[in-house]
Q: 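Take a look at the following structure, please.
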Amino acid sequence: MGAGVKAVVVLSGGQDSATALAMCVRRHGAENVAAITFSYGQRHALETRYARYLARNAFGIAEWKRVPLGFYPKITENALMSREASIERRRGAKCPNTVVEGRNAVFLTLASVWAKSLGAKEVWTGVSEADFSGYPDCRGEFVRAHERATRLALDWPVRFVAPFMHMTKADEWALAAKLGILDLIEDHTLTCYNGIPGRGCGKCPACLLRNRGYAEFLRRRGLRKVRQTMV
Ligand SMILES: [Zn+2]
């Protein structure tokens, strides 16, 4: 299976991982890219349907799979997996109460196991430490350390590719425009913690980040257009 696969993309169905997938496909070609989506009890299971649409329909990825991690809510609690809890960021808290402890660590490990079985040496992730929610396992320091640990664990020269580590959301929107996938990201991704696709609820921490970044991107683009017409 998967002969020639060069990279596995961790695909959630949100803006970041969809843009990462687009970059990876551009670099290696869809036939050489695999994508993996985890369902870990997140309240909006719809997210994984968006991931499927992105992988299969939008980018033509043959090697896509959804892996259930149904045990997650048994060992940790958070607002993303609980239907009752409201999503918020308490004053002074490092990150919103949507943090799923160790999620990216688990995802990167499992994606690497699959990558090794496919013969792929890259694992792509859309995580970022700039302009994001402050989840500890999204930081560059963690990603580098975990890459090293995973190489040792699997005895496989896997490389973690995190193209947005130091990019803001506005940079990411600009990149989506450059890749020609602005409409796809706007309409066919799900970032909102309340499970509302596209522009989302507009109120949760994920929507606030996404929409603020979009407004900044439009502002910069507007400024550039003004400058161009002045020349
Ligand atoms: Zn929202």
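Residue indices begin at 1 and follow the sequence shown. We count ligands from 1, going down the list as the structure has it; atoms in each ligand are counted the same way.
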Q: Enumerate the protein N/O/S atoms at a distance below 2.8 Å from the Zn ion (ligand 1), ignoring waters.
A: C192 SG, C201 SG, C204 SG, C207 SG
Q: Starting at CD1 of I181, measure out to CG of L175 and round the result to the nearest 0.5 Å.
A: 7.0 Å
Q: For R148, which residues count as a salt bridge (charged side-chain N to carboxylate O under 4.0 Å, His left out) partner, sequence neighbours excluded?
A: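 If we apply the salt bridge (charged side-chain N to carboxylate O under 4.0 Å, His left out) test to R148, skipping adjacent residues, there are no hits.
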Q: Which label fits W173 and F217: parallel for a plane angle under 30°, tilted from 30 to 60°, or perpendicular past 60°?
A: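 If you compare the ring of W173 with that of F217, the planes turn out parallel.
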Q: Which pair of heavy atoms, one from G102 and one from D137, lies closest together, and at what distance?
A: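 Closest approach of G102 to D137: C-OD2, 3.2 Å.
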Q: State, without any angle test, whether R210 and T189 hold a side-chain donor-acceptor pair at a distance under 3.5 Å.
A: yes
Q: Please work out which of the three classes, parallel, tilted or perpendicular, describes the rings of H146 and F160, given edges at 30° and 60°.
A: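 The arrangement is tilted - the two ring planes meet at 30° to 60°.
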